[in-house]
Asker: 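I am attaching a structure below and will ask some questions about it afterwards.
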Amino acid sequence: MPLQLPPDFATRPTPFYLYDLDLLRRTLRAAQQAAQPRDIHVHYALKANANEPVLALVREHGFGADCVSGNEVQRALEAGFAPEHVVFAGVGKSDAEINRALAADIWCFNVESGEELVVLNELAGAQNRKARVALRLNPNVDARTHHYITTGLSANKFGIGMPELAAVTDLLPALPHVELVGLHVHIGSQITDLAVFETLCHRVNELQLWFEHRGFVLPHLNVGGGLGVNYQQPDEQLIPDFEAYFSIFERLLKRRLGQQVHVELGRSLVAQCGTLVSRVLYLKESQQTRFAILDAGLTELIRPALYQSFHLIENLSSQGPEQLYDVVGPICESSDTFGRQVPLPETKRGDLVVLRTAGAYGEVMASRYNLRDLAPAVYV
Ligand SMILES: *Cc1c(COP(=O)(O)O)cnc(C)c1O
């Protein structure tokens, strides 16, 4: 299906984020249809996109919420997610954030260090509560994705490393205000090699045995998120292959009787439904290259500057013969470049140019650098 534009797009000021809620609905339904029969619970990672219409649809489809800040916990609760469907992860939760989440009685804290466990116990005790905890382990599994979005290697700051795990679990008997309910791993994002998830399952099975040998029962296994999307050719796969993804966990996780399995998907649910719409401000040529200068920049979509990531760029206004352009934004940074030597039909001032697959880690990362206005969201 071609890109759905709002009826008044020709006169609408740019840049803006465009969200196709019908595609979002179909994506959520596909994920739910793959997860539910396998009895796998999906928590949506709010950090990918926390817009209210997006959250409302996610909640309506029966997903929980995976939050990485106190404000995300609050946003999830405001969007109507039940506290018992909210998990709180993050390598640096502040006391204030923990206190708010405790007061809301969220389902689970994914704890990333021994010190955090001790602090959580103290804060829960002060509120006369018992916090449910999953230990986030660093399984040292290579996600084979960009190194800036790899989180499960021992060089990364996330999770509890295997050498420290025994010391952390040894703390538990002396901490009456935390209750271990499971283990959690999340090894990275934009994972397109599904074999990585197979390796992850084998590691989780080993980790589960490690706990059981020490007498811990784990009612919950949370295997994190990370399923990738097709940035190169979004129209070839607008909806990721959730069947293939969930079937790996169904096949390979050694699930104990009554044990619940959770995944935390962000990008794969919302990336394709979002598009950044901009106009060409100027064309300019240097000795080496021809620049198309857009009115959108890294302030609206920082992924190319931050992780050298690729977004498909399309000119919706021109049918001319193709030429190569360096497509750049107006921000005073050389890294404010969306793509180099991008083939586009002959492009002129005023043309509508879109960056596809911008629904995840796009608008949520917007900044006001150069004192720019935040771009609005439009829903179709
Ligand atoms: C970011 C994040 C996710 C979601 O990752 P995606 O790649 O967007 O699916 C899940 N769990 C945790 C703990 C995260 O930090």
Side-chain angles (χ1 to χ4, degrees), residues 24 27-28 31 34-35 40-50 54-55 58 63-73 76 85-93 97 101 106-113 116 133-139 141 143-153 156-160 182-194 196-197 200 204 220-231 239-242 245-246 248-249 261-274 303 306-307 309 357-365:
L24 176 59
T27 308
L28 293 170
I40 297 177
H41 297 254
V42 183
H43 292 257
Y44 168 64
L46 260 79
K47 75 172 191 284
N49 186 311
V54 171
L55 294 185
V58 169
F63 297 86
D66 168 49
C67 305
V68 291
S69 75
N71 286 345
E72 282 192 4
V73 171
H85 296 150
V86 174
V87 300
F88 186 10
V91 72
K93 306 176 190 74
E97 290 178 309
I106 63 158
W107 152 243
C108 190
F109 291 80
N110 293 340
V111 167
E112 305 217 8
S113 71
E116 183 190 340
V133 161
L135 293 180
R136 176 170 180 179
L137 309 181
N138 186 324
V141 171
R144 292 185 226 154
T145 180
H146 191 274
H147 60 281
Y148 277 11
I149 50 176
T150 292
T151 57
L153 288 176
N156 302 132
K157 68 178 177 180
F158 297 98
I160 299 164
L183 71 80
H184 174 226
V185 292
H186 171 70
I187 57 170
S189 200
Q190 184 53 18
I191 297 168
T192 50
D193 177 358
L194 291 184
V196 166
F197 293 113
L200 180 65
V204 168
H220 299 270
L221 296 178
N222 182 337
V223 295
L227 177 61
V229 298
N230 192 338
Y231 282 97
I239 299 179
D241 190 350
F242 293 114
Y245 171 74
F246 284 106
I248 290 172
F249 298 102
V261 173
H262 305 260
V263 304
E264 304 168 330
L265 294 177
R267 186 191 310 272
S268 54
L269 296 176
V270 295
Q272 299 292 19
C273 78
R303 299 187 66 256
L306 193 58
Y307 331 110
S309 58
T357 322
Y361 308 107
E363 190 175 354
V364 278
M365 287 193 182

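The first residue in the sequence is number 1, and the count goes up from there. Note that these values count all heavy atoms, side chains included, but never hydrogens, waters or copies made by symmetry. Counting starts at 1 for both ligands and their atoms, following the listed order.
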Asker: Under the ring pair (Phe, Tyr, Trp, His ring centres under 6.0 Å) rule, collect the residues that match up with His184, sequence neighbours excluded.
Answerer: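 Partners of His184 by the ring pair (Phe, Tyr, Trp, His ring centres under 6.0 Å) criterion come out as none, since no residue qualifies.
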
Asker: Give one line per pair: atom of ligand 1, protein atom, distance. Only N/O to N/O under 3.5 Å.
Answerer:
residue: ligand 1; atom: 7 (O); partner: Ser189; partner atom: OG; Å: 2.3
residue: ligand 1; atom: 7 (O); partner: Gly226; partner atom: N; Å: 3.4
residue: ligand 1; atom: 8 (O); partner: Arg267; partner atom: N; Å: 2.8
residue: ligand 1; atom: 8 (O); partner: Tyr361; partner atom: OH; Å: 2.5
residue: ligand 1; atom: 9 (O); partner: Gly226; partner atom: N; Å: 2.9
residue: ligand 1; atom: 9 (O); partner: Gly266; partner atom: N; Å: 2.9
residue: ligand 1; atom: 11 (N); partner: Asp66; partner atom: OD2; Å: 3.2
residue: ligand 1; atom: 11 (N); partner: Glu264; partner atom: OE1; Å: 2.6
residue: ligand 1; atom: 15 (O); partner: Lys47; partner atom: NZ; Å: 2.7

Asker: To the nearest 0.5 angstrom, please state how far the CZ atom of Phe158 sits from the CG atom of Leu137.
Answerer: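 Answer rounded to 0.5 Å: 14.5 Å.
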
Asker: Taking salt bridge (charged side-chain N to carboxylate O under 4.0 Å, His left out) as the test, write out the residues that go with Glu116, two or more places apart.
Answerer: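 Salt bridge (charged side-chain N to carboxylate O under 4.0 Å, His left out) list for Glu116, sorted by chain: Lys93.
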
Asker: What pairs with Glu72 under salt bridge (charged side-chain N to carboxylate O under 4.0 Å, His left out), at least two apart in sequence or on another chain?
Answerer: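 Glu72 satisfies salt bridge (charged side-chain N to carboxylate O under 4.0 Å, His left out) with no other residue.
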
Asker: From Leu269 CG over to Leu227 CG, what is the distance, rounded to the nearest 0.5 angstrom?
Answerer: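 Spacing of CG (Leu269) from CG (Leu227) equals 8.5 Å.
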
Asker: Could you check whether His41 and Trp107 have their ring centres less than 6.0 Å apart?
Answerer: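 That pair fails the under 6.0 Å test.
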
